[in-house]
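The structure appears below as structure tokens.
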Number of protein chains: 4
Amino acid sequence: MILNLDPRSNTPIWEQVVHQIKELILKEILQPEDKLPSVRELSGTLLINPNTVSKAYQELERQGIIETLRGKGTFVSASITPRADEQKIAEMKQQIKQLVIDASYLGIDQQTLTLWIKKFSDELGGHNDHVKND
Amino acid sequence: MILNLDPRSNTPIWEQVVHQIKELILKEILQPEDKLPSVRELSGTLLINPNTVSKAYQELERQGIIETLRGKGTFVSASITPRADEQKIAEMKQQIKQLVIDASYLGIDQQTLTLWIKKFSDELGGHNDHVKND
Amino acid sequence: MILNLDPRSNTPIWEQVVHQIKELILKEILQPEDKLPSVRELSGTLLINPNTVSKAYQELERQGIIETLRGKGTFVSASITPRADEQKIAEMKQQIKQLVIDASYLGIDQQTLTLWIKKFSDELGGHNDHVKND
Amino acid sequence: MILNLDPRSNTPIWEQVVHQIKELILKEILQPEDKLPSVRELSGTLLINPNTVSKAYQELERQGIIETLRGKGTFVSASITPRADEQKIAEMKQQIKQLVIDASYLGIDQQTLTLWIKKFSDELGGHNDHVKND
DNA sequence: GTGGTCTAGACCACT
DNA sequence: GTGGTCTAGACCACA
């Protein structure tokens with residue numbers, strides 16, 4: 001598995017790993033029940049510390065996105081049910097608010113933002129039915 | 001000046017101060033040439049250390065949003081010109097991509113996101129002419 | 001007397017005043033024995049604090065460039081003798097070194113720097129004989 | 001790493017650190033990708049507070065000269081691109097003007113200034129190709 | 001181990 | 001009065 005990691009980014013590497021695995025699942029490149037590379041293997045190919053991969057896997061498991069079967073390995077969960085966690089939604093709203101503010105100061109208007117949202121949605125879209133509940 | 005700070009948040013306090021002052025300016029609660037509270041005063045009302053406020057002010061100054069007149073105090077810049085920093089725009093796109101992914105896992109669809117963007121834009125909108133260039 | 005002061009600059013206002021009066025003298029706009037405006041008058045026209053003007057005058061007097069006659073006012077010194085203060089020359093060298101370094105990082109080469117030096121020298125030049133000793 | 005710090009200088013210590021590291025890089029004593037001493041280590045050898053070193057490093061990073069990899073340390077940027085910041089160039093011109101004026105009062109003529117510029121340029125020169133773009 | 005954040009408290013220059 | 005600098009010492013997240 002190849003991920004695009006930027007060690008200079010502000011987002012911690014383990015979080016980048018989480019993000020990109022979530023993306024691979026949405027794009028159905030990783031499908032339910034698929035086996036993930038072992039911590040050691042992934043840390044080897046990504047040239048990062050095993051602890052970092054481990055932390056990423058733990059976070060993904062906490063979110064119910066992957067599951068560890070002892071002695072067998074780590075797998076994408078068979079069914080990922082979106083849970084409308086009140087608190088997380090509040091956080092997301094807050095994040096969007098900040099996004100709009102930052103965009104303002106960069107001279108980016110609402111229309112452009114909406115356009116980008118649509119663009120990225122389409123990139124993922126179509127086959128992420130097992131996650132979306134509509 | 002009253003700001004809403006959450007010491008348990010992941011975003012550092014100085015950054016929360018930066019964010020909220022930028023918001024106050026967009027909402028024109030703080031207007032160009034207005035004097036900001038002194039470092040000591042604000043640190044007093046917010047119950048945080050003066051150095052923390054100072055760091056926030058310095059960051060805002062570096063962004064060209066406020067100006068400090070030595071011995072006199074700190075003021076909102078007369079004209080805030082949005083600069084379309086290539087790198088920051090790239091970061092913002094990346095952030096939006098991540099937002100869309102996270103939203104997916106929370107069961108939030110594109111339409112809802114767009115709606116929220118519009119909502120927050122409207123909250124700020126109308127009177128932020130000195131920042132937006134359209 | 002009109003001076004060009006920038007309250008946002010990093011250089012303190014009193015220092016800007018010192019600089020510009022020295023410049024006016026080099027350009028012979030202010031000539032030896034000329035009377036300078038009083039502290040009160042200058043602080044009035046420049047819209048700055050009298051203490052600030054006072055500090056500038058004190059510094060100029062310390063440098064032997066102006067003289068105060070009690071009850072009569074402040075005057076440009078009759079003869080300004082350049083003193084090759086070892087320490088100040090060392091400081092100047094240090095300053096030039098830093099200038100060359102900073103220029104490097106701005107992509108400005110030695111030739112351009114030299115050109116600018118010449119330009120500013122010419123702007124002052126020709127009639128600053130009462131200061132230069134060659 | 002040994003730096004020459006003067007606690008009595010007007011220029012703040014953190015800025016002296018910034019200056020001297022920039023100089024070391026120009027002289028290629030510090031080369032691209034080289035690891036800088038850790039904040040704690042440098043603060044130890046320089047006998048200054050870690051926060052002061054930290055501030056210097058942060059400033060250097062903001063200038064794109066060094067990069068920090070979280071948990072790993074701080075490194076000289078692989079490629080340092082000189083950016084001709086309009087405002088900074090204007091400041092530099094202003095600084096040069098002031099330099100010429102001060103030189104006049106010290107009895108230093110244009111020729112000497114030019115000579116010094118050349119001298120310092122040569123001291124740095126020859127191997128600063130990764131910064132200069134000519 | 002690394003850097004980042006925050007606090008407390010001191011001193012200084014500028015206006 | 002203002003902000004800027006520096007120190008001392010603490011805690012935390014990241015790798």
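Below, each value reflects all heavy atoms present in this structure, side chains not excepted, and no hydrogens, waters or symmetry copies.
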Watson-Crick or G-U wobble partner of F/dG9, both distances under 3.5 Å: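 Paired with E/dC6.
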
- request: Searching all strands shown, indicate the nucleotide that pairs with E/dC14 (Watson-Crick or G-U wobble; both distances under 3.5 Å).
  value: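 Its partner is F/dG1.
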
Which nucleotide sits closest to the side chain of [X]: [options]?
X       : options              : answer
A/Ile13 : E/dT5, E/dG4, F/dA15 : F/dA15
D/Arg70 : F/dT2, E/dT7, F/dC14 : F/dC14
B/Thr74 : F/dC14, F/dC6, F/dG3 : F/dG3
A/Trp14 : E/dG3, F/dC14, F/dG3 : F/dC14

Would you call [X] and [Y] a side-chain contact if the rule is heavy atoms closer than 4.5 Å?
X        : Y       : result
D/Tyr105 : C/Ile25 : yes
D/Leu5   : D/Gln20 : yes
D/Lys97  : C/Glu23 : yes

How long is the line joining [atom1] of [X] and [atom2] of [N], in whole Å?
X       : N      : atom1 : atom2 : result
A/Arg8  : E/dG3  : CZ    : P     : 16 Å
D/Glu15 : F/dC6  : CD    : C1'   : 14 Å
C/Asn10 : E/dA13 : CG    : P     : 17 Å
B/Asn51 : F/dT5  : CG    : C1'   : 9 Å
A/Leu42 : F/dA15 : CG    : P     : 14 Å
B/Asn49 : E/dC6  : CG    : P     : 10 Å
B/Leu5  : E/dT5  : CG    : C1'   : 14 Å
A/Asp6  : F/dA15 : CG    : P     : 12 Å

query: Are a donor atom and an acceptor atom from the side chains of A/Glu59 and A/Gln63 found within less than 3.5 Å of each other?
result: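 The criterion, which ignores hydrogens and geometry beyond distance, is satisfied for A/Gln63 and A/Glu59.
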
task: Specify the residue among B/Thr52 and D/Pro37 whose closest nucleotide of DNA chain E lies further upstream toward the 5′ end.
output: D/Pro37

- prompt: Taking the nucleotide of DNA chain E with the closest heavy atom to each, which residue, B/Leu47 or C/Thr11, is nearer the 5' end?
  reply: B/Leu47

task: Using heavy atoms and a sub-4.0 Å distance, could you list which residues of residues 54-65 of chain B are near DNA chain E? By number, please.
output: B/Lys55

query: Per the side-chain contact (heavy atoms from CB on, under 4.5 Å) rule, which among C/Ile21, C/Val76, C/Thr68 passes with C/Leu60?
result: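 When C/Ile21, C/Val76, C/Thr68 are each tested with C/Leu60, the side-chain contact (heavy atoms from CB on, under 4.5 Å) holds only for C/Ile21.
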
- request: Establish whether the base of F/dG3 is bridged to the side chain of B/Arg40 by a donor-acceptor pair shorter than 3.5 Å.
  value: yes

field: Worked verdict on C/Phe75 versus C/Ile66 for side chain to side chain contact (heavy atoms under 4.5 Å, CB included)
entry: CA-CA 6 Å; C/Phe75 302 84; C/Ile66 67 176; over 6 Å; no

- request: For D/Ile48 and for B/Gly71, locate the closest nucleotide of DNA chain F by heavy-atom distance; then report the residue assigned to the nucleotide nearer the 5' terminus.
  value: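 Result of the comparison: B/Gly71.
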
message: I want to confirm an ordering. Mapping B/Lys72 and A/Pro12 to their closest nucleotides on DNA chain F, which one lands closer to the 5' end?
response: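 Result of the comparison: B/Lys72.
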
message: Tell me whether B/Asp85 is salt-bridged to B/Arg83, with the criterion being a basic N under 4.0 Å from an acidic carboxylate O.
response: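 A salt bridge is absent here (no side-chain N lies under 4.0 Å from a carboxylate O).
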
- prompt: Can we say D/Asp102 and C/Lys88 salt-bridge, meaning some charged N sits less than 4.0 Å from an Asp/Glu carboxylate O?
  reply: no

